[in-house]
Amino acid sequence: MGLRFRPVDSTFYDLFTESAQHLVTGAGLLAEMLSDTSDREDVARRMREAEHAADETTHAIVRRVNSTFVTPFDREDIYSLASGLDDVMDMMDEVVDQILLYEVKDLPTDLSAQVEVIQRCAEVTAAAMPQLQSMQSLEEYWIEINRLENAGDKNHRRTLANLFSGEYKAMEVLKLKDIVESLEGAIDAFEKVANTVEQIAVKES
Amino acid sequence: MGLRFRPVDSTFYDLFTESAQHLVTGAGLLAEMLSDTSDREDVARRMREAEHAADETTHAIVRRVNSTFVTPFDREDIYSLASGLDDVMDMMDEVVDQILLYEVKDLPTDLSAQVEVIQRCAEVTAAAMPQLQSMQSLEEYWIEINRLENAGDKNHRRTLANLFSGEYKAMEVLKLKDIVESLEGAIDAFEKVANTVEQIAVKES
Amino acid sequence: MGLRFRPVDSTFYDLFTESAQHLVTGAGLLAEMLSDTSDREDVARRMREAEHAADETTHAIVRRVNSTFVTPFDREDIYSLASGLDDVMDMMDEVVDQILLYEVKDLPTDLSAQVEVIQRCAEVTAAAMPQLQSMQSLEEYWIEINRLENAGDKNHRRTLANLFSGEYKAMEVLKLKDIVESLEGAIDAFEKVANTVEQIAVKES
């Protein structure tokens with residue numbers, strides 16, 4: 001990679017990694033929430049904690065950008081990446097909240113496939129964050145996120161077709177559609193993070 | 001505060017104050033719309049007028065940014081603040097519109113608590129705008145908005161749980177959920193304005 | 001127009017024109033989708049192709065911005081315009097997708113009026129793109145888009161009032177409301193494109 005003319009401040013990479021690890025936690029809680037045997041109130045409480053912890057990390061990144069003279073990449077890109085990761089957490093938190101508030105009895109099994117895509121997105125993102133320092137292997141990361149987003153899109157469309165097949169009552173569709181769309185929103189939010197990383201990598205190359 | 005190195009052009013502060021005062025008007029109309037005895041068509045007409053007046057103020061700010069060489073703070077922050085205030089108005093206008101178009105007969109009393117939060121947000125925001133000039137007491141403003149946003153979030157969740165409790169028919173839920181979400185959208189839009197003000201204050205400090 | 005101090009790279013204008021022409025194709029497919037006699041699966045397949053072609057054009061614009069030293073207008077404005085045009089396509093694609101997935105039997109005739117507005121928006125936008133080079137007659141374009149947006153808004157409100165008039169069952173409302181809102185989303189996306197063009201024209205004048 002040759003010389004870097006900006007001094008290396010590894011804190012940013014650590015904070016982005018921390019931020020993405022909150023997403024791994026969140027995705028795990030989402031999977032728990034879907035299980036028949038889970039204590040939903042308890043999972044929702046832990047999700048709230050994870051969301052607060054993620055907020056803390058986001059604020060730490062913003063504070064650091066504001067107080068650091070030389071940043072490892074453009075300030076606006078750091079903001080985008082930090083708020084992009086935060087958006088994923090908000091979407092996952094929303095799903096858990098909806099399942100709790102709507103008191104959905106039977107979640108269609110389709111949803112598990114979508115949560116698996118989300119868990120995989122979280123793992124791949126968490127593994128990519130430390131690589132921002134060397135800018136190595138990032139292309140594999142965003143290619144994999146695009147592949148996962150395509151798989152998620154297929155799940156989403158199949159679930160919607162199912163939901164409107166006549167099997168469900170309007171009230172159930174009303175509840176489930178919100179949940180299904182928030183799940184898709186989480187995957188879209190992961191894709192936005194990958195797009196931001198791609199933009200950063202293009203600028204730095 | 002010591003010396004300011006930028007010449008003071010107080011027009012911007014006046015325009016932001018004007019913009020926030022339209023929100024106080026809008027929030028009042030929202031409260032009227034919810035009352036049992038209101039003439040909904042008439043309230044909606046006045047809301048439309050208020051929304052046009054707010055648009056005028058937004059355009060005046062944008063024109064002034066484009067024709068002024070030295071602005072009191074960064075151009076993009078002025079745009080963000082102006083469009084953020086405008087977004088609040090659009091959300092309030094949407095609520096009034098939905099109540100009119102959906103011909104909702106009985107609005108749950110829960111909604112009044114949320115409209116009170118919105119009215120308080122509007123007042124606090126209108127009081128904060130003139131303080132942009134001295135950059136004094138702004139922290140109290142955004143802390144209060146955050147507190148209101150938390151209260152609004154609790155209202156929102158209680159209303160949703162209520163809506164899905166089985167008391168309402170699917171058709172009513174369909175209508176009310178839209179209204180409830182637009183109300184929450186208005187509060188979120190106030191929070192975004194407060195975040196923009198915080199960012200401006202951090203840069204200027 | 002006098003001297004231009006930036007060398008003229010006409011490729012950008014060609015690419016924006018190409019991008020807007022994809023929208024004309026998409027709007028035509030939308031109209032086909034609404035017809036009683038159409039093969040919906042086939043229209044949806046062709047829409048997917050048009051959407052991919054539009055993506056290609058968007059990427060070509062982004063690649064060109066990244067590899068060109070002097071651009072005909074600000075880099076961020078080129079991004080905004082490219083992604084704004086792309087957003088219109090995504091909204092039109094979403095409508096087609098919803099009609100297919102939700103298996104809506106009888107589409108209200110109201111929707112045709114809205115699709116006509118969209119077709120007209122697409123034509124006007126495609127005609128305006130080549131004019132970016134000379135910056136001539138652009139005002140007529142954004143005035144026409146605003147007029148169309150107002151007409152679309154009236155259609156939208158009439159359709160919603162209709163949808164909630166009691167004639168439709170909750171399940172039908174649930175499906176149709178999504179479609180109706182995506183149609184409005186497409187028109188809003190055209191308006192955003194026009195706003196971006198207006199901003200560019202103001203800067204260049």
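For the numbers below, each heavy atom of this structure counts, side chains included, while hydrogens, waters and symmetry mates do not. Residue numbers start from 1 in every chain, and the chains themselves are labelled A, B, ... in the order their sequence lines are given, proteins ahead of strands.
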Nearest heavy atoms of Leu101(A) and Arg157(B), plus distance in Å
CD2-O, 3.6 Å
Quick check: closest heavy atoms across Tyr168(B) and Met171(A), and the distance to 0.1 Å?
O-CE, 3.7 Å
Taking every heavy-atom pair that is under 4.5 Å apart, which of Asn66(A), Leu100(A), Asp97(A) has the most such pairs with chain B?
Asp97(A)
Mark yes when over 12 heavy atoms from residues, nucleotides or ligands other than Glu41(A) sit less than 6.0 Å from its CD; otherwise mark no.
no
Over 12 foreign heavy atoms within 6.0 Å of NZ, Lys203(A):
yes
Is it the side chain or the backbone of Glu181(B) that comes within 4.5 Å of chain A heavy atoms, both, or neither?
side chain
Exceeds 12 heavy-atom contacts within 6.0 angstrom, atom CD of Glu49(A)
yes
Which portion of Leu163(B) sits near chain A, non-hydrogen atoms under 4.5 angstrom:
backbone
Structural part of Lys177(B) lying under 4.5 Å from a heavy atom of chain A:
side chain
